[in-house]
Amino acid sequence: MTVHLNWFLPTGGDGRTLVDRHAYTDGGITRSRVTPVSGVRAPDIDYLIQIAKAAEQLGFEAVLTPTGTWCEDAWLTTVALAQHTERLKFLVAFRPGVISPVLAAQMAATYQRITRGRLLLNVVTGGDSTEQRRFGDHLDHDRRYSRTDEFLSVVRGVWGGKPFDFHGEHYDVEGGLTALPPDPLPEIFFGGSSAAAGPVAARHTDVYLTWGEPPEQVKQKIDWIRGLAEEQGRTVRFGIRLHTISRDSAAEAWATANRLLDDLNPDTVAAAQQALGRSESVGQQRMLALHGGSRDDLEISPNLWAGVGLVRGGAGTALVGSHADVADRIEEYHALGVEHFVLSGYPHLEEAYWFGEGVIPDLAARGLLPRIPASQLAGVPAANGRPASAPGGAPLLVAGGR
């Protein structure tokens, strides 16, 4: 079992700081309570093309594109980026509650034909009622998962190539059909840590995603979902969502991590924790519990740093260390059964190069990748404390998304 490496597209903006210009607009938190941020790198198509091309060149298999109010639409953005790449796949995040399952199935089929089979689907049930209501969705947490269960039943049913009927609590479909089913069928990624999420993952998903918890907690999740899937007569594979800070030395990596906290004052952290604490997501609550809102003891497991989660929702941990350290941790998670690693870093273009030129060759040497990706700049020494192929640029803003 080899490792599948995936990167992230910051379709809400990018930068070198953890202060997200979007994260605190909910719940009455005003901009005055957020540390001012300058040097924004907007998520325009030219910049996203740079990231997509870098990810493809460096050997990443796919890129995750988030969904939500503060992101560019994932379907439209990625189908545009597909025209500028050749092999890179796109893990498109979307919310099942705001689109018809039959239409989603048709969109996926069209996408596969346009991109020649480069679509993966990330189903985001949603853990924030405020965000859901923006899109006209008023179901509570558990009923959203019930709807996702039906949604995926319909999607898989209409991909069968013949009329499909479904009668449930949330959907009533007669003769649903995707006239030309996608080929291949897109793999379905799905995450959720609540009791309501587990059975949905077991019945429908190809890859269950967890945010970056310590290995022992990840193992508990894997055992939980694997057991539920076995009861359904299915096999589910596993993935993990992490940030990375990988450098030529551990000291340099940890110095970079610490610098990410330099512009965070106590009010900024408190505002973020207040906003994130209102989330209904069990996964988000588990992320918050890793640090408790405190800057103390943020290395919650060897090379696993919870500093990102002080102010960022969703994935809140990073692998920090030398390239070998980060490869060690990936190998540790892989030994537990994790195949897919969905990674990111601030800023996403430069961190892709740090990881791609530092960690990927190490993973290949360990036999965890099928080959070392070719690089046009292989053998060129690093300079100015950065990878030789990493582009320059001014300090920038953080990414929106998950």
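Keep in mind that what you see is a predicted model, and the values were worked out from it rather than measured. The basis for the numbers below is simple: all heavy atoms, side chains too, and nothing from hydrogens, waters or symmetry mates.
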Taking the side chain as C-beta and beyond, is there a heavy-atom pair between [X] and [Y] under 4.5 Å?
{"X": "Val320", "Y": "Ser246", "result": "no"}
{"X": "Pro186", "Y": "Trp159", "result": "yes"}
{"X": "Leu304", "Y": "Tyr333", "result": "yes"}

TODO: Check whether the ring centres of His348 and Phe8 lie less than 6.0 Å apart, and answer yes or no.
DONE: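 So the answer is yes for these two rings.
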
Open item on the list: I'd like to know whether the aromatic ring centres of His340 and Phe189 sit less than 6.0 Å apart in this structure.
Closed with: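 Here the rings of Phe189 and His340 have centres that are less than 6.0 Å from each other.
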
Identify the heavy atoms of [X] and [Y] that sit nearest to each other, and give their distance.
{"X": "Ile51", "Y": "Pro10", "value": "CD1-CD, 3.5 Å"}
{"X": "Ala105", "Y": "Thr178", "value": "CB-OG1, 3.7 Å"}
{"X": "Arg241", "Y": "Leu343", "value": "NH1-C, 3.9 Å"}

Open item on the list: Take a 6.0 Å sphere around CG of Asp297 and say whether it holds more than 12 heavy atoms from other residues, nucleotides or ligands.
Closed with: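 Counting neighbours around CG of Asp297, 12 or fewer heavy atoms of other residues, nucleotides or ligands fall under 6.0 Å, so no.
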
For the residue pair [X] and [Y], categorise the inter-ring angle as parallel (less than 30°), tilted (30 to 60°) or perpendicular (more than 60°).
{"X": "Trp7", "Y": "Phe60", "answer": "tilted"}
{"X": "Phe166", "Y": "Phe164", "answer": "parallel"}
{"X": "Phe190", "Y": "Tyr208", "answer": "tilted"}

TODO: Name all pairs fulfilling the salt bridge (Lys or Arg N to Asp or Glu O under 4.0 Å) condition that reach into residues 59-86, sequence neighbours left out, sorted by first residue then second.
DONE: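 Every salt bridge (Lys or Arg N to Asp or Glu O under 4.0 Å) pair that includes a residue of residues 59-86, provided the two are not neighbours, is Glu61-Lys89.
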
Open item on the list: Per the salt bridge (Lys or Arg N to Asp or Glu O under 4.0 Å) rule, what does the pair list look like for residues 192-204, sequence neighbours excluded?
Closed with: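 Those involving residues 192-204 are Asp149-Arg203.
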
TODO: Determine, for Arg366 against Asp362, whether the closest basic-nitrogen to carboxylate-oxygen distance falls under 4.0 angstrom.
DONE: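 Salt bridge: yes.
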
- [ ] Determine, for Arg329 against Asp325, whether the closest basic-nitrogen to carboxylate-oxygen distance falls under 4.0 angstrom.
- [x]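 Judged by the 4.0 Å cut-off on N to carboxylate O distance, Arg329 and Asp325 do not form a salt bridge.
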
TODO: Identify which one of Leu290, Val308, Ile240 satisfies the side chain to side chain contact (heavy atoms under 4.5 Å, CB included) criterion when paired with Thr317.
DONE: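 Output: one option passes, namely Leu290.
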
Open item on the list: Given Leu81, which partner from the list Val79, Thr77, Thr85 fulfils the side chain to side chain contact (heavy atoms under 4.5 Å, CB included) test?
Closed with: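 For Leu81, the side chain to side chain contact (heavy atoms under 4.5 Å, CB included) test succeeds with only one of Val79, Thr77, Thr85, which is Thr77.
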
- [ ] Check the side chains of Thr65 and Thr11 for a donor-acceptor pair under 3.5 angstrom, ignoring hydrogens and angles.
- [x]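 Result is no, nothing qualifies.
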
Open item on the list: Please evaluate residues Asp140 and Arg144 with respect to the criterion salt bridge (Lys or Arg N to Asp or Glu O under 4.0 Å), reporting the C-alpha separation (whole Å), side-chain torsions for both, the decisive distance (0.1 Å), and the verdict.
Closed with: CA-CA 6 Å; Asp140 62 26; Arg144 289 198 293 268; over 6 Å; no

TODO: Go through His141 and Gln132 one step at a time and tell me if the side-chain contact (heavy atoms from CB on, under 4.5 Å) criterion holds.
DONE: CA-CA 10 Å; His141 176 276; Gln132 295 298 125; over 6 Å; no

TODO: Dump the intermediate steps for salt bridge (Lys or Arg N to Asp or Glu O under 4.0 Å) on Arg247 and Glu350, then the final yes or no.
DONE: CA-CA 12 Å; Arg247 295 294 185 270; Glu350 285 86 335; over 6 Å; no

Task: Listed partners of Arg147 passing side chain to side chain donor-acceptor pair (under 3.5 Å), at least two apart - done: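 Per chain and number, Arg147 pairs via side chain to side chain donor-acceptor pair (under 3.5 Å) with Asp137.
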
Task: Test side-chain contact (heavy atoms from CB on, under 4.5 Å) applied to Val326 and Leu319, step by step - done: CA-CA 6 Å; Val326 172; Leu319 297 179; 4.1 Å; yes

Open item on the list: Could you check whether any side-chain N or O of Arg118 sits under 3.5 Å from a backbone N or O of Ala82, counting only pairs where one atom can act as donor and the other as acceptor?
Closed with: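 The answer is yes, because a donor-acceptor pair under 3.5 Å joins these two groups.
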
